[in-house]
Each structure stands twice: as structure tokens, then as C-alpha cells.
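Accompanying notes for the structure given below.
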Amino acid sequence: MNYEAVIGLEVHVQIKTKSKMFTRVAAGYGHEENTLTDPVVLALPGALPVMNKAALDAVIKAGLLLGCEIAPVCKWDRKNYFYPDSPKNYQISQYDQPICLGGAVEIELPGPARNVMGEHKKIPLTRIHLEEDVGKLNHGASDSLVDYNRAGTPLMEIVSEPAMHTAEEAYAYLTSLRATMIYGGISDCDMEKGQLRCDANISIRPAGETRLGVKVELKNLNSISFVRDGIAHEIKRQLAVVERGGTLVQETRDYDGQTGTSQSLRSKEMAHDYRYFPDPDLMPVKVDAAWKEKLRAECPELPFAKQERFFKDYQLPYTLTSVLVWDRALADYFEETAKLSGKPQSAGNWIVNDLLRELGAAKLALSNSKVHAAHIAALVQLVDAGTILGTAAKEIFVEMFVSGGMPGVIADRRGLKAAPTDAGELEQWCRDAIAGNAKAVAEFKAGKDSAINALKGPVMKAAKGKANPKLVDETLRRLLAAT
Amino acid sequence: MSSELFHRPITELAAALESKKLSAVELTQAVVARTKAVDGRVKAFNSFDEAAALAQAAASDARRAAGQARGALDGIPIGLKDVIAVAGQPLTASSKMLAHFVSPYDATVTQKLKQAGAVLWGRLNLDEFAMGSSTENSANGPTSNPWDLTRVPGGSSGGSAAALAAGEAMATLGSDTGGSIRQPAALCGVVGLKPTYGLVSRYGLIAFASSLDQIGPFARTVEDAAIVLGAIAGHDERDSTSFQTDIPDYRAELGSRRGPWRLGVPKEYFGEGLDPEIGAAVEQTIAFYRGQGCEIKEVSLPHTRYCLDTYYVIATAEASSNLARYDGIRYGHRSKNATDAVDLYFQSRAEGFGPEVKRRIILGTYVLSSGYYDAYYLRAQKVRTLIRQDFLNAFREVDALITPTSPMPAFKIGEKADPLALYLCDIYTIGVNLAGLPGISVPCGFTRSGLPIGAQIIGQPFQEAQMLAIARTYEQAHDWHNRQPQLR
């Protein structure tokens with residue numbers, strides 16, 4: 001029997017705000033334990049929450065970017081449960097009226113070849129709601145310590161419909177969702193810092209069946225690759241259970257990305273009753289049209305739209321766009337370079353092939369690069385004018401990357417510019433080449449255009465590699481035509 | 001000044017301080033001495049910090065000497081119910097759970113009183129976590145009623161009412177969730193005011209039921225209450241439920257607002273269960289207003305009979321969640337008998353909370369449970385809307401309502417062992433909380449056995465100035481408020 005996997009993702013994204021969700025104390029990562037706290041974070045007697053409007057702005061923006069319907073009122077509920085990482089022993093969240101409903105994440109699946117665009121799909125969303133993060137438990141041998149620095153950080157939960165069927169789709173979903181959040185300035189989505197966390201609900205069912213199978217919740221998927229690997233592993237595991245005649249049980253499993261294995265955390269959901277009710281400490285907040293429009297105006301162009309525009313405006317090939325558009329800063333950098341140089345494709349090639357390679361080797365972020373758009377634009381123009389040869393340009397780039405010097409200056413200093421050759425001298429070298437290569441000349445005359453390259457070698461050799469190749473080409477053709 | 005400084009209203013004391021016939025240190029010393037002399041019998045205080053109070057009094061005198069006195073409350077000792085946070089002072093809610101807790105921060109009302117120059121004096125006893133009507137549910141033992149030490153002072157702000165009546169503070173703050181200011185005020189013969197929900201910030205008030213709780217003053221006179229209210233009212237950005245509204249000069253408004261008013265008498269508040277002596281005293285109060293030219297109208301609040309049930313669903317639901325934070329993890333009582341993390345919750349809460357608190361947490365947990373939410377909590381919220389509408393309908397015809405504050409005078413300590421019997425103490429006060437209205441209890445007589453009786457005036461939302469003026473009119477023509485208890 002053929003089986004189909006059904007996957008739904010629950011993604012938590014920390015919102016990048018200066019202060020916490022319901023109090024003014026700073027939000028942040030990597031601080032000394034329990035220093036980002038105040039009476040509200042610690043749930044001291046008498047402390048009250050006050051909503052951080054910047055966090056609500058951010059989640060509305062996320063909703064607008066993903067095509068969600070924005071609720072007319074932001075309403076707060078309490079989710080009651082006891083756990084030491086939850087200072088109030090209830091979490092302020094949104095239960096029956098999430099701030100965003102519906103919407104979708106557009107994804108691109110891998111194409112048939114690396115340089116061919118893959119199929120696009122829209123994965124529908126169920127909802128997005130806003131809540132507060134909890135603290136962190138650090139388990140020791142004999143005790144457990146709690147760090148409340150993370151507690152109260154604005155957090156949104158993005159719930160997809162169970163509408164994905166492969167690990168690749170889930171991977172593409174997270175990639176696209178993360179880019180959207182980063183583009184919108186909503187979160188940095190650093191999974192290592194817990195700014196983006198993902199749980200996957202996975203089931204399998206016979207092909208053609210419309211009901212959902214027994215659901216397994218996979219936790220601890222703490223990198224996007226682990227999400228893909230974990231889901232692939234879980235689908236395989238479920239198929240294996242069914243194939244050997246076993247029965248799947250509803251459970252929560254923990255995936256270990258290092259070993260590529262998973263183990264059951266608890267079978268069946270514990271019958272939690274969260275006793276949701278509207279939080280009487282917080283008034284519902286009206287979200288009117290003007291508010292939404294103001295945020296809509298701040299929404300940036302998203303990667304897929306940008307890609308379309310890059311095809312149209314710059315005639316870039318897919319391979320370049322597929323690298324450039326997923327990083328907003330890189331895409332902006334490209335556009336600036338394209339404008340300054342007037343040669344979008346060359347600019348794109350330098351950025352994607354050379355700049356990214358050097359940044360990667362040096363483990364540098366684009367924002368720390370000494371090579372700016374103006375550097376690459378200047379280089380592109382020098383090469384285009386024939387002032388610098390391709391091989392020299394590569395050398396110049398490497399030095400420019402290290403020193404931040406302008407390419408023309410580096411070329412001058414290192415004598416890498418094509419020599420401003422004496423026309424008479426160049427002509428003499430060309431005549432010598434023609435005279436000494438009868439075979440190539442004959443081939444050229446017989447119509448084999450590439451035979452001219454055999455003549456360029458000796459000329460360049462005579463010029464010690466510094467002749468302007470454009471000029472060499474022109475001179476050779478002129479002389480050949482005359483013989 | 002007479003030797004009984006501690007029975008004078010703030011208005012007189014402020015004048016004496018202003019004219020330098022009295023210093024804040026002298027006044028505070030008198031209150032400290034009085035407290036030390038009588039609190040062994042009254043037991044209104046959970047704790048006090050004499051040195052801190054005297055330092056504040058000295059600072060007040062220094063301000064005044066420098067010509068920088070801050071108004072009527074500068075140098076006046078004011079006691080706080082032990083659910084209102086004062087930085088560096090204990091904050092216990094009269095619970096074993098918080099027996100050793102010291103607040104690191106000030107409530108907004110505390111800050112406001114400090115800004116007004118008041119001398120913060122003592123932590124006043126209450127029913128544990130403000131749950132009760134007699135101040136018997138206290139981990140520190142019951143407070144006594146100064147008019148009869150064998151009787152309760154009412155509750156839950158019984159310590160605040162008793163301390164004031166006994167001359168152990170010049171005014172006090174309490175909190176009122178279902179009558180916890182007005183009922184003890186009535187039982188102790190003082191003025192007690194519950195403001196409109198949202199008028200006074202709840203930041204720093206230990207929450208019992210967030211949608212019902214309000215902080216308010218106890219005072220010897222209506223004018224004193226107006227002064228204290230003026231000092232603590234106003235929008236606070238740290239409390240999302242506090243209202244953006246201009247705060248009038250309540251004291252000044254007392255002089256400028258004169259009747260006659262249209263007063264409503266809700267017929268549902270004079271039925272079965274009302275002590276006849278109280279009924280008679282309130283009828284005489286109504287007659288007084290009629291004599292003043294006020295139009296007296298019988299009105300109906302038809303959903304009154306649902307108030308108690310509605311209240312005990314909503315208040316306990318909110319409390320069950322509000323009190324979840326007391327778990328022994330970050331602060332508060334932590335059991336030494338726990339075997340693991342889950343057991344730590346069970347044991348700490350089992351040991352830390354008293355029986356009435358547990359009863360309400362269990363009830364509140366139940367009404368919020370899946371499958372019961374719609375039948376209890378949601379329905380109670382709907383009834384609450386109807387109850388509020390009853391009041392608003394009545395206010396189309398009248399300016400304010402007048403009712404008894406409590407159906408019974410102070411009862412004997414230990415007399416009401418059945419929790420349900422105690423819940424009935426609040427039948428005339430709970431509706432005001434459910435509707436979010438202001439209410440004030442003013443002394444309006446004594447029973448034959450010498451126990452105080454209070455009349456309640458219920459005002460329209462944010463019309464405290466009018467409510468105070470109506471109360472003042474009565475007070476000026478009577479001298480119940482000038483009587484002093486004998487502490488026997």
C-alpha cells in the first residue's frame with residue numbers, strides 16, 4: 001500500500017523588541033542569569049502586566065506579510081498550568097481570538113536541476129497568536145535552577161495547517177517563513193539562540209485517505225536541517241511500524257539531530273486542562289484600519305516578489321537570484337552595486353561567486369565586509385573597459401577584500417592594469433604573431449573564428465600579460481583583414 | 001490639642017501641623033504610643049516599623065520648616081492593609097505563604113502617599129489574601145472590633161477599620177473586592193470608600209480578583225476620605241485597567257456640591273435577612289435626606305438575587321489563577337517535606353494556604369475547568385452585565401442609591417463557622433463591585449447594644465465627588481462619627 005505523510009508545523013518566533021511583552025525590563029539573550037527581571041517578570045505579589053505595543057505591531061506586520069486576516073481586537077487570555085519556568089504559573093496568551101487568522105507561507109521546492117526554479121506552493125496557516133515566552137530550566141545533578149531572563153519575551157506562535165507531505169516541504173516552509181520574519185524586522189530567527197523554535201506534527205495515512213492518521217509530535221528540532229532530517233526520519237519510522245504490522249501510538253518524541261534518532265518522551269498527550277479565561281488585568285486593544293495601514297506601508301518586498309523583479313529588471317539568471325533574494329541585506333547590496341556599475345549580471349556574479357566565498361572563508365557577515373557596493377561596481381567597470389584583465393581582477397578582489405582599498409588603486413600599485421601599450425609596439429607584436437602562425441591564420445581565414453586565440457597568446461606573452469585584450473583582439477582582426 | 005490626638009480627623013490635625021501647634025513627629029509618636037498601648041487587645045497590626053515612621057515624620061517636619069509642606073496629608077500617619085506593597089516592608093496578605101516576604105517595590109498608591117508626605121504606619125491585618133468578611137481567616141489570628149473586643153471588625157480589611165476606630169492610625173487604606181472596605185467600616189463605625197473600578201491603580205496590590213479589586217480609604221470623616229482619595233486616585237500606566245480621567249479636587253468639591261439630590265432606594269436591599277435595628281437606622285437616614293428636600297424613589301435592581309452566586313464564580317475563578325504564583329519556587333513558603341518538583345507545589349501550597357483560600361482556589365479551578373467554563377464562568381459574566389445594567393437603569397432616574405452596608409452588625413468571633421453564612425455578610429456590597437461602581441459606607445447609628453451601623457451610598461461611575469457630597473450632608477447633621485469606642 002502507498003502511504004502519504006501529513007505534516008503540520010508549530011513555529012515559535014521571538015519578537016525582536018527592546019523590552020518584554022508585558023513590562024519595560026529589557027529583553028535579550030546571553031545576559032547573566034536572572035538580570036533581565038523585575039516585579040512583573042518574577043510575578044511578585046501585586047505586579048501587573050502592561051502590553052508592549054511594539055510587539056503587537058510586529059505580529060500584525062507578520063500577519064500582513066503572510067496574508068492573514070487581522071482580528072479587529074487584540075484580546076488576552078490566561079493559559080493556566082504549573083511549571084517552574086512559568087513565574088505566574090499562567091502564561092498570557094491568546095486562545096479563542098488569535099490576532100491573525102489564515103494566511104499562507106509561499107514555498108519553493110527543489111527544482112529538477114540546480115539552475116532551474118522549482119515548483120512553488122502556498123502552505124496555508126491556521127493562525128498566529130502572540131504570547132510571552134517562559135524562563136529556562138538548567139538541570140544539575142541534584143537540583144534544577146531557573147533563569148527568568150527569557151521569561152516574558154514576546155513570542156508568536158505560527159501554526160500551519162497539516163498541509164505538508166514531505167520533509168523537503170517542511171524545510172522550504174521554514175526557510176521561507178524565517179526569511180519573511182527577518183525581512184519584516186520581526187525577529188532575527190537565530191535558532192541557536194532559541195529565537196525560532198519548531199515542533200512538527202507528523203502522521204501517515206494510506207494514499208487517498210482524507211482522515212488524518214495517528215499524530216506524533218516531534219520536539220527539539222533546533223535547526224532547519226534537523227527539522228528536515230527529523231521529519232524524514234519520523235516518516236520512515238512510522239512507515240516501518242506500519243509495514244511490519246505494528247500500530248502507531250499518539251506520542252511526543254524527542255529528535256536528536258546529532259545521532260539522527262528519536263525517542264518517546266511521553267505516550268499520549270497528558271490530559272492538560274489549561275482553564276483558559278480572558279485576562280482581567282489586560283484590556284482588549286482595538287486594531288483599527290489606520291493602524292493596520294500604517295503597518296502595511298512598512299511591509300517590505302518579500303523574497304519571491306523580489307526574485308520576479310530581479311528577473312524582469314536585471315535579467316539575472318535563476319542561480320543568481322536564488323542566492324541573492326533570501327538575504328535582504330545581500331539583495332539590497334546587489335541592487336546598489338547593479339545601479340553603480342550599470343552591469344547587473346557582472347555585479348551579481350562578483351557578489352554571489354567571489355564576495356560570498358570570501359565572506360564565508362573569513363566567517364564574516366556582509367555588514368562587516370570592507371568591500372562595499374562601490375568597490376565591486378568600480379571593479380566591474382574596470383574589467384568591462386578592458387583596463388583590468390579577468391585574472392588580475394580576481395587577484396585585486398582578494399586584496400580588496402582584505403584591505404578595503406579601491407580596485408583602481410590596488411591595480412595601479414601592483415601593476416595589474418592592462419598596459420597602456422604603445423600602439424606601434426602592439427601592432428608590431430601582432431604582426432610577429434601573424435607571421436609566425438601561418439596555420440592559425442589559414443584556419444581563421446577559412447572561417448574558424450576561434451583560431452584567432454592562437455595568435456593572442458604570443459602577443460600577450462610579448463606584452464608580459466599586460467596588453468589590453470580588447471585592443472589586442474581589435475588589432476589582430478584589423479591586420480588579418482588586411483593580409 | 002487634646003490628649004486624644006489620635007481620635008481627631010485629618011482636617012484638624014493638618015491645620016495644627018500647618019500652624020505648627022503640632023509636629024509630625026509628635027503626632028506620629030502619639031500614634032505609635034497608642035498602638036503600643038491598645039493593639040495587644042485590638043490586634044489590628046501584623047507589623048509596624050516605628051523607626052521608619054518616625055524618620056518619615058521627621059522628614060515631614062523638615063519639609064514644613066523649609067516651607068515645602070505638601071498638603072493636608074504631609075506628616076499624617078496612614079496605615080496600609082497588608083496586601084499593599086511598601087518597598088522594604090513585609091507584605092504578607094496575612095498568609096503563612098508570605099509570612100517572611102518583604103516587598104522590594106512600592107505599590108502605586110504607596111508612592112502617591114509618600115509623595116503626599118504621609119507617614120506610612122504599619123501593616124494591617126486582613127482575612128488571608130482578602131478572602132473573608134470577618135478578619136478571622138488570618139494566619140496571624142483575628143482582629144477584634146474596638147467597640148466590642150469579643151466581636152469581629154468585619155473584613156477583609158478588618159485591621160484597617162479597627163486600627164482607625166481604635167486611634168492607631170489617622171486614616172488607613174484597604175481593598176474592596178466584594179465589600180471588604182465598606183462592610184468593616186460599617187462594623188467599626190468609620191467611613192469606608194470603595195472607588196469606581198479603574199479610579200485607583202491596583203499596581204502593587206496583591207490580587208484577589210482582578211476585575212473586582214479596588215483600593216480605597218478608611219477615614220474618620222467624609223472630608224478625610226475625600227482627601228485620601230484625592231491623593232491615591234488617578235491613571236497609572238502600570239495598571240492597564242486604570243482609567244484615564246481627570247481627578248477633581250474631591251475636598252473642594254464637597255463645598256461646592258449641594259443637593260437636593262434624587263436618591264434611589266433599591267427594594268431588594270431591604271428584605272429578608274436584614275437586621276431590624278439596621279433597617280430602622282437606614283430608614284432614618286433616608287428620612288433625613290427626604291427632610292433635606294431630596295427626592296426619594298424606590299427603585300428595583302432585579303438581578304440582585306444573583307449577585308452572590310455571580311460573585312463567587314468570577315472572584316474565585318480569577319483568584320485561582322492569581323494565586324497560582326505562590327508556589328514556593330521564587331519566594332514565599334517552601335515546604336521542607338517535598339519529594340520532587342510536583343510535590344513541592346502540592347506541599348508548599350498545602351502548608352502555606354489556609355482553609356478559606358484553599359476552598360476558593362478549588363472552587364475557582366472547578367468553574368474554569370473544561371466542560372464547566374460555559375455553564376459557570378461565561379454565564380456569570382453575562383449575569384454580571386445584567387447586574388451592571390440594573391444599576392445603570394436605576395441611575396437614569398436617580399443620582400445615587402442608598403442602602404444598608406451590612407445586613408448585620410458585628411458578630412462574635414467564631415460565631416459564624418459556616419462559610420456560606422459568612423458569604424451573606426456581603427449581600428449589599430457585592431453588586432457594587434460587580435457593576436464597577438463607587439460606594440461609601442458612613443456611620444448612621446448604633447444598635448441598642450452599642451454596635452455601629454453603616455449606611456451605604458452608591459454613586460454613578462466616576463462620580464465620587466457627588467457621592468462624597470451626599471455622604472457629607474448627612475455626616476454634618478449627625479455626630480455618630482464623633483463617638484469613640486471604649487476598647488472593651
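Chain letters run A, B, ... following the sequence lines, proteins first and then strands; every chain starts at 1. Only a predicted model underlies this, so the values are computations on that prediction, with no experimental measurement involved.
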Portion of A:F277 that has a non-hydrogen atom of chain B nearer than 4.5 angstrom: both

Pick from A:G46, A:A47, A:P49 with the largest number of heavy-atom pairs that fall under 4.5 Å of chain B: A:G46

Neighbour count >12 (heavy atoms, 6.0 Å) for atom NE2, B:H235: yes

Flag side-chain contact, heavy atom, 4.5 Å: B:I387 against B:T310: yes

Within the 6.0 Å centroid threshold, strictly below: A:Y81 and A:Y90: no

Interface residue of largest heavy-atom contact number with chain B, from A:M283, A:R78, A:R24, A:M51, under 4.5 Å: A:R78

A:P87 portion near chain B, given a 4.5 angstrom heavy-atom threshold: both

Stepwise side-chain contact (heavy atoms from CB on, under 4.5 Å) test for A:V285 and A:V73: CA-CA 5 Å; A:V285 180; A:V73 166; over 6 Å; no

Contact origin within B:L344 toward chain A - heavy atom pairs under 4.5 Å: neither

Whether A:Y274 and A:H272 hold their rings parallel, tilted or perpendicular, with breakpoints at 30° and 60°: parallel

Any side-chain heavy-atom pair of B:F129 and B:N322 under 4.5 Å: no

Interface residue of largest heavy-atom contact number with chain A, from B:A207, B:S210, B:A93, B:S321, under 4.5 Å: B:S321

Toward chain A, the part of B:I206 with a non-hydrogen atom under 4.5 Å: both

Toward chain A, the part of B:E237 with a non-hydrogen atom under 4.5 Å: both

Which of B:L378, B:I329, B:V367, B:T241 touches chain A most, by non-hydrogen pairs under 4.5 Å: B:T241

Side chain, backbone, both or neither of B:Y105 within contact of chain A (heavy atoms, under 4.5 Å): side chain

Trace of the side-chain contact (heavy atoms from CB on, under 4.5 Å) decision for B:T110 with B:L80: CA-CA 9 Å; B:T110 304; B:L80 302 187; 3.9 Å; yes

Which of A:N80, A:L282, A:L44 touches chain B most, by non-hydrogen pairs under 4.5 Å: A:L44

Modelled atom types, side-chain donor and acceptor of A:Q14 and A:T153, under 3.5 Å: no

Aromatic ring proximity, centroids under 6.0 angstrom, A:Y276 and B:Y373: no

Chain A contact via B:T365 - side chain, backbone, both or neither, heavy atoms under 4.5 Å: both

Parallel, tilted or perpendicular: ring planes of B:Y326 versus B:Y331, cut at 30 and 60 degrees: perpendicular

Which of A:D279, A:V50, A:T23, A:V146 touches chain B most, by non-hydrogen pairs under 4.5 Å: A:V50

Side chain / backbone / both / neither for B:A317 at chain A, heavy atoms under 4.5 Å: backbone

Closest-packed option against chain B by number of heavy-atom pairs under 4.5 Å, given A:P84, A:S144, A:S86: A:P84

